[in-house]
Amino acid sequence: MSHATKATAFNKDEAKVNWHDKALWYVREKRDKSAHKVQGWEHLRQLGSSIKANVLSNLDDYLIQFEANAKKNGIHVHWASNAEEHNTIVNAILEKHNAKKVVKSKSMLTEECHLNPFLEAKGIEVIDTDLGERIVQLAEEPPSHIVLPAIHKTKEEVDVLFQKHLGTKPSQRNPEYLVSEARKHLRDKFIKADVAITGVNFAVADTGGVIVCTNEGNADMGVHLAKAHIACMGIEKIIPQEKHLGVFLRLLARSATGQPITTYSSHFNKPENGKEMHIVIVDNGRTEQLSRPDFRASLHCIRCGACMNTCPIYRRSGGHSYDYTIPGPIGSIFSPGKDLKKLAKNHLAM
Ligand code: SF4
């Protein structure tokens, strides 16, 4: 179905469209205020882009360096050329641990690879533990935004959803009640999980460690309670050295939500004693994207979501009107890069 058709469906509820538009513009304004407080903000952005350009021009070397250092730290490293290989590798690790219950913190890569339905078809329970992700998972929908996955849901809709799936009482428009019930529900899932899966925001070549940014601490909770940690990353997540992290951490949270930093920037450098840590490094079309001069710069993206909050088309058509896991302006660049022929006819950017 084309973007225009899906956007028309979203536009039937005008009040919701107006609210969605305003909510995202509010986040964009927070980003502006926060960015303007940083002296040399534009220089910082340029620096981040230059570091990414260096990474992409030397990606093979940095990836090999990262793998060697991660292995030295006792981490198992796996390579996947596509989504199917990624899912098969993750499943093999779960089988090795006889894992039937998995908690997952937010990872757009695992969404891109459709990991949840793959594992669920094998009888494995996969629980998304980021609150927004859990809401869309209960609603059997994909995320509609890369930072605010349930931004298209009103609190009244979440109330009804929780009553149905979590057995909550009507919330009387009290979001604190809904959050505390979600916390109880998720706490139980964390305690019973066999394995924790996380995404990766940054992978540092010269240490072999990965950094996962969350506001809810759910990555830490999952990893520290489970007997094994699987971190899934795209090949473009590499940064050369730990000292470069300061550039990206300052850019990421401010651009995403206007926060000076995400509440948790968790460093995972080696497995805990008696536990296992795995990293799955995934290509899934990125090398091809890198080879196309017009698409190459899209791999600089650090997934902050600011282009979605800025774009009037995204704000007034909703994330589900796009045809790819990552919606909005950057999704409209990634998506045709995946399959130019398939998407040429109905894509927003074509
Ligand atoms: S392309 Fe969009 S999501 Fe990616 S870094 Fe730029 S503003 Fe953020």
Side-chain angles (χ1 to χ4, degrees), residues 23-36 38 41-56 106-109 111-112 130 132-133 142-149 151 199-203 211-215 233-239 244-262 265 284-286 289-290 292-315 317-338 347-349:
L24 288 162
W25 187 247
Y26 171 71
V27 180
R28 163 66 210 235
E29 285 180 326
K30 277 175 58 186
R31 173 259 176 217
D32 289 349
K33 283 182 196 144
S34 180
H36 290 154
V38 177
W41 173 255
E42 289 306 318
H43 174 70
L44 196 64
R45 290 181 67 203
Q46 186 53 54
L47 188 58
S49 183
S50 302
I51 295 168
K52 279 285 183 180
N54 170 280
V55 165
L56 295 178
K106 199 156 146 307
S107 156
M108 290 313 292
L109 176 69
E111 289 289 335
E112 175 188 323
D130 171 278
E133 288 276 335
S144 70
H145 187 290
I146 59 174
V147 175
L148 311 159
I151 187 67
V200 168
N201 289 91
F202 305 104
I211 290 86
V212 183
C213 301
T214 70
N215 276 325
M233 58 174 269
I235 55 172
E236 83 286 10
K237 294 289 180 181
I238 290 280
I239 60 169
H244 298 129
L245 257 182
V247 174
F248 292 103
L249 291 178
R250 291 173 84 201
L251 286 169
L252 179 65
R254 283 185 176 85
S255 304
T257 58
Q259 293 166 260
I261 192 160
T262 42
S265 300
N284 204 31
R286 286 161 176 78
Q289 191 89 328
L290 189 62
R292 295 183 176 127
D294 290 344
F295 290 92
R296 185 183 173 95
S298 65
L299 293 167
H300 290 209
C301 175
I302 56 168
R303 309 285 194 274
C304 72
C307 55
M308 287 152 221
N309 306 341
T310 306
C311 176
I313 298 171
Y314 174 87
R315 291 201 312 269
S317 59
H320 290 159
S321 61
Y322 295 81
D323 53 19
Y324 186 55
T325 312
I326 297 176
I330 188 61
S332 298
I333 295 167
F334 283 139
S335 170
K338 282 274 184 189
H347 198 271
L348 179 65

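The model shown is predicted, which means the values in this text are computed figures rather than measured ones. Numbering starts at 1 and runs along the sequence shown. Counting starts at 1 for both ligands and their atoms, following the listed order.
- The tally of protein N/O/S atoms under 2.8 Å from atom 8 (Fe) of ligand 1 stands at 1.
- Residues Ser144 and Ile151 come closest through the heavy atom pair OG-CG2, 3.6 Å.
- With Asp32 as the fixed residue, the side chain to side chain donor-acceptor pair (under 3.5 Å) test singles out one of His36, Lys30, Arg28: Arg28.
- Taking NZ of Lys106 as the reference point, atom CG of Asn215 lies at 10.0 Å (rounded to 0.5 Å).
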Please lay out, stage by stage, how Met308 and Val147 fare under the test side-chain contact (heavy atoms from CB on, under 4.5 Å). CA-CA 10 Å; Met308 287 152 221; Val147 175; over 6 Å; no
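- Ring orientation note: the planes of Phe202 and Phe248 are tilted relative to one another, at an angle of 30° to 60°.
- The protein reaches atom 8 (Fe) of ligand 1 closely, with a heavy atom under 4.0 angstrom from it.
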I'd like to know whether Cys213 forms a side-chain contact (heavy atoms from CB on, under 4.5 Å) with Leu249, so could you lay out the CA-CA distance, the side-chain angles of the two residues, the decisive distance to 0.1 Å, and finally the verdict. CA-CA 9 Å; Cys213 301; Leu249 291 178; 3.7 Å; yes
